[in-house]
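These notes are about the structure you will find just below.
By convention in this document, chain letters (A, B, ...) are assigned in the order of the sequence lines, proteins followed by strands, and residues within each chain are numbered from 1.
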Number of protein chains: 2
Amino acid sequence: MRDETLAPVADQPSLAERIRHEMDSFTPSEKRAAHLLLSHYPFAGLDTVAGFASRAGISGPSALRFVTRLGFSGFPDFQKHLREELEAQLLSPLAKSGPIDTGPGASALASFANAVIGNLKATVENIAPAEFDAVVTLLSDPRRNIHFTGGRFTGAVARYAESHFRIVRSHVDFIEGQPALWRDRMIEIGRKDVIVAFDIRRYQEDVTALCETGAKQGATIVLLTDPWLSPIARVARHVLPAHITAPSNWDSSAGLLLLTEALVSAVTKRLWDTAKPRMEAVERLRNR
Amino acid sequence: MRDETLAPVADQPSLAERIRHEMDSFTPSEKRAAHLLLSHYPFAGLDTVAGFASRAGISGPSALRFVTRLGFSGFPDFQKHLREELEAQLLSPLAKSGPIDTGPGASALASFANAVIGNLKATVENIAPAEFDAVVTLLSDPRRNIHFTGGRFTGAVARYAESHFRIVRSHVDFIEGQPALWRDRMIEIGRKDVIVAFDIRRYQEDVTALCETGAKQGATIVLLTDPWLSPIARVARHVLPAHITAPSNWDSSAGLLLLTEALVSAVTKRLWDTAKPRMEAVERLRNR
DNA sequence: GCTATTTTGAAATTTCTGATACAGCTTTTC
DNA sequence: GAAAAGCTGTATCAGAAATTTCAAAATAGC
């Protein structure tokens, strides 16, 4: 575990923080429950057990075990805590530094930007540092092969990731989503491989199929998705959810890009001794 | 079709207001319920019927009658409304505007995110609304052909743009940066064409060459670049600069993505009458 | 590759909650 | 001051929700 930071603000450590810190000690279904709760904190937890469980993609009993593990005597006790925390938070004088430009005259660009910024904050706050670090460690392992893939829109983000990682380290490639293009490549996927998949709602079946096939062959799956979790979460070792809703007819991938860039940055630092010469070599090739 | 998420703006009068307004017409026990609810709004209402009733000093049935009178079909319905109202209020952009967590123990992800958010704000503030609108108008002209292109990293953002615009309107394509791949296509480029180029520092000569060739043949160039301006700016009609510095060995493209998504959003709205059927058609093809 | 351990969900069980019927009480009206 | 109308609470019930049990499935350990 890394930082032992106490409450960043004045209030007592919220349940959300505790969950983030304990994230890596959770079982897979507990992690799912935790992700759901954190991504819609704390409202997801105010649902019924059955509702919460089904939204998290787990069974009722697993949801119960999750709250028991957090130290509550039962689901009602858990909900009571959430309500009280929420009330305390809402009644506290929230320091609200204003957004860029409020008011009806705000330009379309400015209000769109505000929404995106809100997404980025929510995304960061809902990701456990331990989970992020675990992914950094995984992607920094030079003995692993890293494969990036994504859906029709997220594919571009996957490419963006690949174009950076390709320079930082070796054994990096991009896999097109369409099954016809990866079927034959899968024979080489095994325990040494890591598949980093980008998949947000209107989840794509072909990407899911790719990950399921990979997982079956022993590959480690890292998933960057939305708070509702792509079905790939079922087979993923690590899940990093990003908020994507925007005042638009389209979802925003800015959160995914943020995570991607943060991962690139962290892995580059971690592998600096080997990454630096590689980056210099690339520069030399470009400048000739 | 995806659901049309509207901006979370001017919400209807909250339940609290309605209760205050109708207070006079309540029976004595209804007034007790109302007072409790208003004095601990809305948390008191999230309790069980029995809990709410006993705190209000009334019986269960009276509490039920109270919520029925407010127009809800039952207690669960009433609670659902309260939760939704609360969530909408808490998640409104205002609540998310301070910096994330600036302490020394802040995670790497959080401080990276703060830098990116700073970039987004700076980007928005340095772009003239008129310039942005002009680009929207240009990209909304159905008689124009739109070509997207970009460098080794920004190319992914250009692809992202293309994959959205391709659905919203026709005559959209992506041009690979390498001259060998576009030389022959340039013969078709002329006055009716728009080239949208993404280019940030370590400016790529091949992208510059593409734009210069296009400009010479009468195409309109739109450039998304960094504040130091790619050389393409000399031939560009419109320039949208984005801040890109981050606490990393790499630049951040988040500002470019923000501009891209804002453009997609604005053009989609502008062309809604024709974009909607196109989007529906794409959905239908995907779902077969 | 097999066993021991952990994790998980379907089904059964228990608890509790929201809803209702009805009788007593209070207030209003003539 | 009596009857009618309205309001309220007790007792009860039906249904839903939380919880427990237990066997299957997955995982880890050797």
Side-chain angles (χ1 to χ4, degrees), chain A residues 22-37 43-83 134 138 190-191 211-221 229 231-239, chain B residues 22-37 42-83:
Chain A
E22 292 179 28
M23 182 66 83
D24 51 358
S25 69
F26 289 151
T27 70
S29 0
E30 283 169 351
K31 274 188 187 154
R32 295 234 208 142
H35 281 304
L36 171 65
L37 180 59
F43 302 97
L46 297 178
D47 207 346
T48 63
V49 170
F52 178 75
S54 101
R55 277 183 70 189
I58 61 178
S59 71
S62 291
L64 262 304
R65 281 185 283 263
F66 172 66
V67 303
T68 304
R69 191 175 197 307
L70 291 173
F72 298 100
S73 66
F75 210 74
D77 185 33
F78 165 70
Q79 293 188 320
K80 181 162 168 279
H81 177 94
L82 290 181
R83 283 205 311 267
L138 187 63
R191 240 170 284 279
C211 291
E212 282 172 350
T213 306
K216 205 163 291 171
Q217 296 180 210
T220 303
I221 313 292
L229 303 191
I232 297 173
R234 194 167 277 284
V235 297
R237 172 79 59 88
H238 301 290
V239 179
Chain B
E22 293 179 29
M23 185 66 84
D24 294 338
S25 67
F26 289 151
T27 70
S29 44
E30 282 170 351
K31 273 182 186 160
R32 289 199 183 185
H35 280 133
L36 171 66
L37 182 58
F43 303 98
L46 297 178
D47 209 345
T48 63
V49 171
F52 178 75
S54 104
R55 276 184 72 187
I58 59 176
S59 70
S62 290
L64 264 306
R65 283 187 278 263
F66 172 65
V67 304
T68 305
R69 192 176 196 307
L70 291 173
F72 298 101
S73 67
F75 210 72
D77 186 33
F78 165 69
Q79 293 189 319
K80 181 161 168 279
H81 178 93
L82 290 180
R83 281 207 309 268

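The distance between atom CZ of Arg191(A) and atom P of dT27(D), rounded to the nearest whole Å, is 12 Å. Distance CZ (Phe66(B)) to P (dC7(D)): 15 Å, rounded to an integer number of Å.
Between Arg83(A) atom CZ and Phe43(B) atom CZ the span is 10.0 Å, to the nearest 0.5 Å.
Across all non-hydrogen atoms, the minimal contact from Met23(A) to Ala34(A) is CE-CB, 3.7 Å. When all heavy atoms of Ala134(A) and His238(A) are compared, the pair lying nearest together is CB-CE1, 3.5 Å.
With sequence neighbours left out, Ala63(A) forms a side-chain contact (heavy atoms from CB on, under 4.5 Å) with Val49(A), Phe52(A), Ala53(A), Ile58(A).
The pair Arg69(A)-Glu30(A) meets the salt-bridge criterion, with a side-chain N (NZ, NE, NH1 or NH2) lying under 4.0 Å from an Asp/Glu carboxylate O.
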List the protein contact pattern of nucleotides 7-22 of chain C with one symbol per nucleotide (5' to 3'): B for base contact, S for sugar-phosphate-only contact, - for none; contact means a heavy-atom distance under 4.0 Å. SBBB------SSSB--
